[in-house]
Amino acid sequence: MAALLSIGDFSRLTHVSVKALRHYHDLDLLRPARIDPSSGYRFYATAQGPTAQLIRRFRDLGMPLDQVRVVLNATDPTVRDQVIADHLRSMERQLEQTQTAVASLRQLLEGGGSPSPDVAFHTLTGTPALLVSARVAWDEAFEWLPDTLAGLRRDLGSDAGLRGGPDGALYSAEFFQSHVGEVTAFIPLEASAGHIGGRLPEGPVAVAVHRGSLSELDRTYTALGGFVAEQGLGSRTRTAIQENYLVSRFDTNDEHGLVTEVCWPVLSTRGEEES
């Protein structure tokens, strides 16, 4: 008969806390080998030790428990390896974002403020567009936006010739102020598209181009917003800020190769030439 250990002894054997073991049982991720019918005490087989340690190592790498379950239950090694590979790629992206944040922090601490913006002025004309709007939380936007744009690209499909410009997004004032608010993903269309979708906002905007990681986009916002305030151009606060993704994640995997156009709605361009 296989030796059975109390949950406390199994915790010491595997370095997995009793609380975690109970949670894994509740999720049907790691079931005890036996549960005493009268006391409800959990007992584990020594052979379950490697499984507990495997779960702990995946958790140390930040793998969500639903993905851990897929790995443990996979009968097809290809499925198992794909889940692990996807998570490792996610970790690599997080590492890259951390490195970018550290470099930015060092630059700010060394006195490198927001760059002086090279600002252009345009008048948006209410371009027709395929669009989807939703109320999005700040922390969810980086996942919601690419997924939604991918869906719009699929909807456009064979009508790609109707595209009138790069993918983009509109961000409401509430989104910035409350970190939850309306966000609109869009693909602009040629005028010949007719009434396929909706229309984008119109009016004068001050425009600055951001090159590089989206985690650094706030610095371009600070520079552009400061320029608008200092020049007395006035902000149309009820009009969403528009971002145009001239080079996006659909075009490159290099975070530093991204190019984003930020369009800040203004009341006046003070006689600057508009186009």
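One is the number of the first residue; the rest follow in order along the sequence.
- Tyr41 OH: 12 or fewer foreign heavy atoms inside a 6.0 Å radius.
- Side-chain contact check for Glu255 and Ser213: at least one donor-acceptor pair (N or O, by modelled atom type) lies under 3.5 Å.
- If you chain together hydrophobic residues whose side chains sit under 4.5 Å apart, Leu29 and Ile84 fall into the same group.
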Working for side-chain contact (heavy atoms from CB on, under 4.5 Å), residues Ser172 and Val183: CA-CA 6 Å; Ser172 65; Val183 178; 5.9 Å; no
Might you work through the salt bridge (charged side-chain N to carboxylate O under 4.0 Å, His left out) test for Asp76 and Arg80, ending with a clear yes or no? CA-CA 7 Å; Asp76 183 351; Arg80 178 200 64 202; over 6 Å; no
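- Listed by first and then second residue, the ring-ring contact (aromatic ring centres under 6.0 Å, His included) pairs that reach into residues 9-30 are Phe10-Tyr44, sequence neighbours excluded.
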Thr252 and Asp254: side chain to side chain donor-acceptor pair (under 3.5 Å), yes or no, with the steps? CA-CA 5 Å; Thr252 178; Asp254 180 7; 5.2 Å; no
Assess the residue pair Leu72 and Val68 against the criterion (side-chain contact (heavy atoms from CB on, under 4.5 Å)); give the C-alpha distance rounded to whole Å, side-chain angles, the decisive distance to 0.1 Å, and a yes or no. CA-CA 6 Å; Leu72 294 179; Val68 174; 4.0 Å; yes
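- A donor-acceptor contact shorter than 3.5 Å links the side chain of Thr98 to the backbone of Gln94.
- Ser133 and Thr184 get closest at one heavy-atom pair: OG-OG1, 2.6 Å.
- Taking the side chain as every heavy atom from C-beta outward, Ile7 and Pro32 never approach each other to under 4.5 Å.
- Taking the side chain as every heavy atom from C-beta outward, Tyr245 and Asp251 never approach each other to under 4.5 Å.
- Proximity of Ser235 to Val266: side-chain heavy atoms (C-beta onward) are nowhere separated by under 4.5 Å.
- Taking all atoms of both residues into account, the shortest heavy-atom contact from Asp36 to Ser39 is OD1-N, 2.8 Å.
- Checking side-chain atoms of Arg199 against main-chain N and O of Gly126 turns up a donor-acceptor pair under 3.5 Å.
- Atom CG of Leu149 sits about 7.5 Å away from atom OG of Ser248, to the nearest 0.5 Å.
- Separation of atoms CZ (Arg59) and CD (Gln67) is listed at 10.0 Å; rounding is to 0.5 Å.
- Note: the hydrophobic cluster containing Leu214 does not contain Leu246 (ILVMFWY, side chain heavy atoms under 4.5 Å, direct or indirect links).
- Of the possible polar contacts, one joining the Gln48 side chain to the Ala45 backbone as a donor-acceptor pair under 3.5 Å is found.
- Cluster membership for Leu4 and Leu30, using ILVMFWY side-chain heavy atoms within less than 4.5 angstrom, is not shared.
- Within the 4.5 Å cutoff, no side-chain heavy atoms of Val205 are placed close to those of Trp264.
- In terms of the ring-ring contact (aromatic ring centres under 6.0 Å, His included) criterion, residue partners of His179 (sequence neighbours excluded) are, by chain and number, Trp138.
- Not counting sequence neighbours, the partners of Tyr171 by the ring-ring contact (aromatic ring centres under 6.0 Å, His included) test are Phe175.
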Between Asn244 and Cys263, is the side-chain contact (heavy atoms from CB on, under 4.5 Å) condition met? List the steps. CA-CA 8 Å; Asn244 299 318; Cys263 303; 3.6 Å; yes
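- Note: Thr260 OG1 to Tyr221 OH = 9.0 Å, rounded to the nearest 0.5 Å.
- By the salt bridge (Lys or Arg N to Asp or Glu O under 4.0 Å) test, Arg31 pairs with Asp28, sequence neighbours left out.
- No more than 12 heavy-atom neighbours from other residues, nucleotides or ligands sit within 6.0 angstrom of CZ on Phe142.
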Check step by step if side-chain contact (heavy atoms from CB on, under 4.5 Å) holds for Val18 and Ser11. CA-CA 6 Å; Val18 168; Ser11 172; 3.8 Å; yes
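- Note: Asp118 CG to Thr220 OG1 = 11.5 Å, rounded to the nearest 0.5 Å.
- In this structure, CG in Leu27 is found 14.5 Å from CZ in Arg22, a value given to the nearest 0.5 Å.
- At most 12 non-hydrogen atoms from other residues, nucleotides or ligands lie less than 6.0 angstrom from CG of Asn253.
- The CZ atom of Arg57 sits 14.0 Å away from the CE atom of Met63 when rounded to the nearest 0.5 Å.
- A heavy-atom distance below 4.5 Å is not found between the side chains of Glu190 and Arg163.
- Proximity of a side-chain donor or acceptor of Arg236 to a complementary backbone N or O of Arg238 within less than 3.5 Å is not detected.
- With sequence neighbours left out, the side-chain hydrogen bond (donor to acceptor under 3.5 Å, both in side chains) criterion links Arg211 to no other residue.
- By the 4.5 Å heavy-atom criterion applied to side chains, Val180 and Arg135 are counted as neighbours.
- Electrostatic pairing of Asp155 and Arg153 does not count as a salt bridge here, judged by no charged N lying under 4.0 Å from a carboxylate O.
- Members clustered with Phe186: Leu131, Leu170, Leu200, by chain and number, using a 4.5 Å side-chain heavy-atom cutoff among hydrophobic residues.
- Taking 4.5 Å as the limit, some side-chain heavy atom of Met91 sits within range of a side-chain heavy atom of Leu61.
- Here the side chains of Phe121 and Val207 are not in contact, with every heavy-atom distance at 4.5 Å or above.
- A salt bridge links Asp86 and Arg89; the closest N-O separation between the charged side-chain nitrogens and carboxylate oxygens is under 4.0 Å.
- Leu217 approaches Glu243 most closely through the heavy-atom pair CD2-OE2, 3.3 Å.
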